[in-house]
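Only one structure is covered here, and it is reproduced in the block below.
Numbers here are sequence positions counted from 1.
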Amino acid sequence: MRNLLSRLVPAAVLLCLLLTACSSGTAQARPFDPAADAQTLLDSGAFSEPLVEMEQDVACDALYKIDSATVTGSAVYTTPTAGAEELAIFTLTDEKAAQTVLSALQQRVEDQRAALENYQPDEVGKLDNAIVEQRGASVLLLVPADADAAKTALDSLS
């Protein structure tokens, strides 16, 4: 009996440890889906004017200066009036590439702030509400006119 217990107790402890490790306690948000999530955000009322879609290669090269070879999908929308409002979602080959693109999107916000502060200062406030987020191998840049509508829509994407 003692021999049986000495084998069962360690097995039970191991099982408990495995079950605890499997439940992390916090659910990780799903990666962004460029087409579907962009449409949800565009329909949210977060933007004050219609945005126009930009081709992936142009967005990678001209706007964000990122390696398009690491991009597996995207949805990029900008304002035709050269304002601050913008939406960009990228899926990438891996999380390391996503971190690189995240940095590029953060730099884009700072570059836009510097560019707009002198000739469109009313647009700079929108950049203060910019959301730049990484989820796994996907990233998002969201510069809305209505930050509350954008956050509500973004929360629905979790």
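- Across every non-hydrogen atom of Asn129 and Pro144, the tightest pair is O-CD, 3.8 Å.
- Here the closest heavy-atom approach between residue Glu86 and residue Gln112 is recorded as OE1-NE2, 4.2 Å.
- A continuous path of hydrophobic side-chain contacts links Tyr77 to Leu41 [ILVMFWY only; heavy atoms under 4.5 Å].
- Counting all heavy atoms, side chain and backbone alike, Ala149 lies closest to Ser44 at CB-O, 3.8 Å.
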Full working for side chain to side chain contact (heavy atoms under 4.5 Å, CB included) between Leu92 and Thr100 = CA-CA 10 Å; Leu92 298 123; Thr100 300; over 6 Å; no

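- Smallest separation of non-hydrogen atoms from Phe47 and Val143: CE2-O, 3.5 Å.
- Residues Ala97 and Thr70 approach most closely at CB-CB, 3.9 Å, considering heavy atoms.
- Taking Tyr64 as the reference, Phe90 meet the ring pair (Phe, Tyr, Trp, His ring centres under 6.0 Å) condition, with sequence neighbours excluded.
- Here Arg135 contributes atom CZ and Asp33 contributes atom CG; the two are 11.0 Å apart, rounded to the nearest 0.5 Å.
- With sequence neighbours left out, the side-chain contact (heavy atoms from CB on, under 4.5 Å) criterion links Thr40 to Ser156, Leu157.
- Neither Phe32 nor Leu102 shares a network with the other; the hydrophobic side chains, linked directly or stepwise wherever heavy atoms of I, L, V, M, F, W or Y lie under 4.5 Å apart, form separate groups for each.
- Within 6.0 Å of the CD atom in Glu55, the count of heavy atoms belonging to other residues, nucleotides or ligands does not exceed 12.
- Going from atom CD1 of Ile66 over to atom CZ of Arg108 covers 11.5 Å, rounded to the nearest 0.5 Å.
- Residues Gly83 and Gln120 share a closest heavy-atom pair of CA-OE1, 3.8 Å.
- Note on Val109: it does not cluster hydrophobically with Leu87, by side-chain heavy-atom contacts below 4.5 Å among ILVMFWY residues.
- Here CG of Asp111 is found 10.5 Å from CG of Leu127. Values are rounded to the nearest 0.5 Å.
- In the hydrophobic clustering of this structure, Val124 groups with Tyr119; members are Ile, Leu, Val, Met, Phe, Trp, Tyr whose side-chain heavy atoms approach within less than 4.5 Å, directly or through other members.
- Placement of Val101 and Leu63 within a single hydrophobic cluster is found when ILVMFWY residues are connected by side-chain heavy-atom separations under 4.5 Å, directly or transitively.
- Side chains of Thr91 and Thr72: a donor on one and an acceptor on the other come within 3.5 Å.
- For the atom pair OG of Ser74 and CD of Glu53, the computed distance is 8.0 Å after rounding to the nearest 0.5 Å.
- Between the CD1 atom of Ile89 and the OG atom of Ser138 there is a distance of 8.5 Å, given to the nearest 0.5 Å.
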task = Would you please test Gln106 and Val139 for side chain to side chain contact (heavy atoms under 4.5 Å, CB included) and show each step?
result = CA-CA 11 Å; Gln106 292 166 333; Val139 293; over 6 Å; no

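- For the atom pair CG (Leu142) and CD (Glu85), the distance works out to 10.0 Å, reported to the nearest 0.5 Å.
- Using modelled atom types and a 3.5 Å distance limit, the side chains of Gln56 and Ser68 yield no donor-acceptor pair.
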